[in-house]
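Remarks on the structure that follows.
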There are 2 protein chains.
Amino acid sequence: MGSEGHTDGTVGKALDILDMVARHDRPARFSELLASGPFPKATLYRFLQTLTNQGMLTYDADRGTYALGVRLVRLAHAAWSQSSLAPIALPYLDELAAETGETIHLAQMDQGQVLYVDKRNAARPVEMFAQAGKIGPAYCTGVGKAMLAFLPDEALDHALARQSFHRHTDHTLDTPARLKAELQAIRARGHAFDREEHEPGIICCAAPILTRSGRVIGALSVTSTTARTTLAALEERSGRIKQVAARIGAEAESWRFPEQG
Amino acid sequence: MGSEGHTDGTVGKALDILDMVARHDRPARFSELLASGPFPKATLYRFLQTLTNQGMLTYDADRGTYALGVRLVRLAHAAWSQSSLAPIALPYLDELAAETGETIHLAQMDQGQVLYVDKRNAARPVEMFAQAGKIGPAYCTGVGKAMLAFLPDEALDHALARQSFHRHTDHTLDTPARLKAELQAIRARGHAFDREEHEPGIICCAAPILTRSGRVIGALSVTSTTARTTLAALEERSGRIKQVAARIGAEAESWRFPEQG
DNA sequence: CCGTTTGGTTCCATTATGTGAAACTTAGTC
DNA sequence: GACTAAGTTTCACATAATGGAACCAAACGG
């Protein structure tokens with residue numbers, strides 16, 4: 001939330017430090033971390049020791065820098081496998097990718113942001129962690145808007161409060177009001193577009209993945225470029241996209257579904 | 001040394017619990033977790049609350065189960081990007097995959113086990129988290145043996161002590177003695193084979209990725225099947241594999257982060 | 001229906017643990 | 001050789017974790 005409240009005790013602080021290290025997107029020096037957080041020297045030092053000990057961080061003795069550790073990659077693999085969405089969606093994404101020849105994204109909502117959990121890339125052969133786990137804005141991406149549109153009021157407000165509404169392109173919906181109007185349209189038609197709102201030349205058509213009870217558990221998109229296709233052509237696929245999203249939703253529900261953040 | 005009993009205080013315990021949840025490969029009930037760890041009810045309960053609060057776990061209210069949370073996926077992405085190996089190796093893997101048409105693995109050593117950090121799959125189009133983050137045994141895989149062979153003595157002993165030496169196939173080197181002999185041969189020729197030691201029909205040729213000072217930072221392999229090729233044919237590629245491994249090693253070592261210009 | 005078990009949540013006195021200012025030790029600079 | 005920045009250790013103190021026990025709520029069973 002805007003005004004950080006609880007630190008959840010010692011564990012919360014340790015996790016905050018992990019985030020601090022993650023935010024600095026290159027390995028960080030002790031002093032950099034000291035500057036970028038509210039922790040006193042000795043405290044920070046002890047935490048870094050503990051986390052390094054635990055394999056959550058790695059310490060490069062030569063450079064005196066800390067980076068996130070491999071234990072996280074291991075845990076994330078388990079998280080992915082346990083997730084009620086990504087493993088189930090896997091074969092469907094393959095199918096859709098083969099069928100469309102376009103880039104496919106699978107995303108979830110995480111703290112008001114879009115978190116990509118899987119991807120099929122039209123152009124290159126494979127990219128793995130390089131792409132999954134990436135986060136993006138919700139208010140100006142297809143998957144983001146598709147999910148926002150089906151969020152219950154309270155959750156929506158919470159999420160909207162976290163959007164930056166930065167004007168990435170001329171098409172970006174850069175006010176809550178404009179976005180809300182768009183969300184209503186999305187709710188009505190059941191799918192969302194990205195009309196070059198995030199990056200120039202990039203367009204997409206996205207559908208939310210819902211449980212039968214109507215809860216959003218993720219979103220699915222087919223992405224392309226204005227050079228290769230048009231929004232109208234993408235919309236022709238919307239029926240199919242929604243069909244796949246519905247199937248994933250149904251299968252995910254019948255299995256197990258974790259509470260969403 | 002060996003098996004230190006330390007839990008690294010509160011943070012260590014919290015992380016132990018994450019591991020416990022990860023080990024149960026389906027969402028776990030409170031009682032299951034209670035049974036599978038040394039924690040008293042109240043303590044476990046508090047930890048689960050905190051971790052859920054922090055997004056490291058998700059709680060499914062309907063089923064009363066805990067699973068690993070999305071925050072881990074996010075952190076793992078950052079870990080991958082910050083790593084001095086995987087992002088650097090990316091283009092080389094693409095190149096090698098295109099060139100050989102075979103499956104490529106990139107692995108690191110983690111607690112005596114092989115941790116796969118990237119992959120190019122010959123057959124299917126793409127699998128992301130589904131494959132990366134996976135762990136495997138060191139003593140009976142090409143990448144594992146390639147890394148073990150170049151480990152300093154003390155680290156090798158540590159790693160060997162953690163091997164199960166389970167006899168997966170008739171070809172598995174199932175004693176430390178046999179493995180040590182093999183490691184010497186690997187050291188001599190600079191590359192390792194997997195002669196169907198882990199899975200029948202699966203063979204590979206692997207090379208360690210070393211820094212100039214000789215420290216192992218990972219390994220690279222080209223994997224195939226006995227149906228498609230032979231070990232001799234794979235060995236013909238060994239020169240190229242070692243060349244790529246050497247380039248990755250050199251680049252990983254020389255890479256300085258922006259500020260150091 | 002009511003006693004009992006199972007599975008989960010809350011209390012709270014006790015003390016182990018984490019805390020952080022300050023002192024200390026390098027390593028680097030002028 | 002004095003000065004500064006960066007990292008490490010100490011230690012008196014108080015916060016925060018601990019876990020036994022009590023509690024609650026379903027499900028079970030007789």
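Numbered from 1 within each chain, the chains take letters A, B, ... in sequence-line order. These numbers come from a predicted model, not from an experiment.
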Listed partners of A:Q113 passing side-chain hydrogen bond (donor to acceptor under 3.5 Å, both in side chains), at least two apart:
B:R74

Can you tell me the distance, in whole Å, between the CG atom of B:L51 and the P atom of D:dA17?
12 Å

What residues from residues 29-37 of chain B pass a heavy-atom cutoff of under 4.0 Å to DNA chain D?
none

Whole-Å distance separating the OH atom of B:Y45 from the P atom of D:dA25:
13 Å

Using the C1' atoms of the five pairs at each end, what is the angle between the end axes of the helix from C:dC1-D:dG30 to C:dC30-D:dG1, to 10°?
20°

Partner residues of B:Y66 under the ring-ring contact (aromatic ring centres under 6.0 Å, His included) criterion, sequence neighbours left out
B:Y59

For each nucleotide in nucleotides 25-30 of chain C, reading 5' to 3', give B when a protein heavy atom comes within less than 4.0 Å of its base, S when such contact involves only the sugar-phosphate, and - otherwise.
------

Interatomic distance where CD1 belongs to B:I17 and P belongs to D:dA17 [whole Å]
13 Å

To the nearest angstrom, how far is B:Q49 atom CD from C:dT10 atom P?
7 Å

Using only heavy-atom distances, determine whether the side chains of B:Q82 and A:R26 contain a donor-acceptor pair under 3.5 Å.
no

So, are B:D19 and A:R71 salt-bridged, with charged N and O less than 4.0 Å apart?
yes

Donor + acceptor pair across side chains of B:Y116, B:Q108 (<3.5 Å):
no

Annotated protein contacts, base or backbone, on nucleotides 17-22 of chain C with a non-hydrogen cut-off under 4.0 Å, one of B, S, - each
SSBBB-

